[in-house]
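Worksheet: the structure to be examined is printed underneath.
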Amino acid sequence: MCIERVFLGGRLVDNLNIFWHNGKVEYKDRCKHLKQKGMVLWFTGLSGSGKSTIAVQVEKELYKKGFVTYLLDGDNVRYGLNSNLGFSNEDREENIRRIAEVSALFKDAGLITLVSFISPFRKSREFAKQKIGSITFVEIYVKADVETCAKRDPKGLYKKVKKGVIKNFTGISSPYEEPENPDILLDTRELSVEEAANKVIKFVLNKQR
Ligand SMILES: Nc1ncnc2c1ncn2[C@@H]1O[C@H](COP(=O)(O)OS(=O)(=O)O)[C@@H](OP(=O)(O)O)[C@H]1O
Ligand SMILES: Nc1ncnc2c1ncn2[C@@H]1O[C@H](COP(=O)(O)OP(=O)(O)O)[C@@H](O)[C@H]1O
């Protein structure tokens, strides 16, 4: 008997009675069907760095080129699947664990999956990379310092932080661990939205060959 330890409901438990069931259609079959390689474009960065803006632009352009895509955005997913999670370190880890699992499934379905979450911890991003597979996981660091993000403040959140209304805010009162060796670096103080999106699209087209 093979006993493995798995996470269930956020707890590590012995898995005695659950068995993996193989299908007859695999990742490579679905990719062939869709005429593309399923992959995950993982955008990480501070709130206001430009993750959503750039991811939306990348998805629009890839869609226009005929690719099948899906965008998972932090704010949106927190309305549904992750609506029971807040912004403690533990909840952020659980948030990213679930998104790693979901995006691994979407990739397995053959989709070009765009993930736009702060994902502040290296350990969580490394978990996502392992779960998804290093060849199909693309880490994209959307870089902007906290002063630039606070100046942009597209949702008025930095103003609220200043007033003391929001606690544990990333980059101010909660940590952000910068990627050490991202696959793509987008410095949004130097690149326009279009330039940043084009850099990602060029990378994707290369990988799709
Ligand atoms: N305390 C605190 N810290 C950071 N962000 C906050 C916080 N409270 C609410 N928000 C809003 O939630 C969005 C980030 O959610 P994520 O799921 O991407 O965060 S995380 O990956 O779990 O850290 C984030 O969206 P983005 O601005 O798009 O990053 C904010 O709109
Ligand atoms: N070069 C740039 N790249 C991305 N966004 C930019 C850039 N310059 C200014 N912005 C603005 O910064 C804000 C970024 O907000 P958003 O995309 O919601 O960030 P995030 O998803 O990381 O929280 C938008 O209002 C966008 O128009």
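Numbering of ligands and ligand atoms starts at 1, following listing order. Everything numeric in this text was worked out from a predicted model, so none of it was measured.
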Exercise. Just let me know how Ile166 lines up against ligand 1, side chain, backbone, both or neither, with a heavy-atom cut-off below 4.0 Å.
Key: side chain

Quiz item: On the ring face of Phe117, is Lys51 found with NZ or CZ under 6.0 Å from the centre and within 45° of the axis?
Solution: no

Self-check item: Atom-level proximity to ligand 2, residues with heavy atom under 4.0 Å
Solution: Leu46, Ser47, Gly48, Ser49, Gly50, Lys51, Ser52, Thr53, Ile54, Arg152, Pro154, Thr188, Leu191, Ser192, Val193

Quiz item: What part of Phe169, side chain from CB on, backbone N/CA/C/O, both or neither, has a heavy atom under 4.0 Å from ligand 1?
Solution: both

Exercise. Determine the minimum heavy-atom distance between Arg152 and Ser49, stating which atoms define it.
Key: NH1-O, 2.9 Å

Quiz item: Quick one: does ligand 1 sit under 4.0 Å from the side chain of Asn168, the backbone, both or neither, non-hydrogen atoms only?
Solution: backbone

Quiz prompt | N or O contact, Asp73 vs ligand 1, cut-off under 3.5 Å | solution = no

Exercise. Looking only at distances, please establish whether an N/O atom of ligand 1 is found under 3.5 Å from an N/O atom of Lys155.
Key: yes

Quiz item: Between Asn95 and ligand 1, which part of the residue brings a heavy atom under 4.0 Å of the ligand: side chain, backbone, both or neither?
Solution: side chain

Quiz item: Do Phe117 and ligand 1 have an N or O pair less than 3.5 Å apart?
Solution: no

Exercise. Compute the minimum heavy-atom distance from Ser174 to ligand 1 and say whether it is under 4.0 Å.
Key: no

Quiz item: Side chains of Lys202 and Leu205: closer than 4.5 Å at any heavy-atom pair?
Solution: no

Quiz item: What part of Leu46 sits under 4.0 Å from ligand 1 if we count only heavy atoms: the side chain, the backbone, both or neither?
Solution: neither

Quiz item: Does Arg92 count as lying over the ring of Tyr176, i.e. NZ or CZ under 6.0 Å from the six-ring centre, within 45 degrees of the axis?
Solution: no

Quiz item: Would Asn168 and Ser173 count as a side-chain hydrogen bond (donor to acceptor under 3.5 Å, both in side chains) if you check the C-alpha gap in whole Å, the side-chain angles of each, and the deciding distance to 0.1 Å?
Solution: CA-CA 5 Å; Asn168 299 330; Ser173 42; 5.3 Å; no

Quiz prompt | Result of checking Leu72, Ile132, Asp183 against Trp42 for side chain to side chain contact (heavy atoms under 4.5 Å, CB included) | solution = Ile132

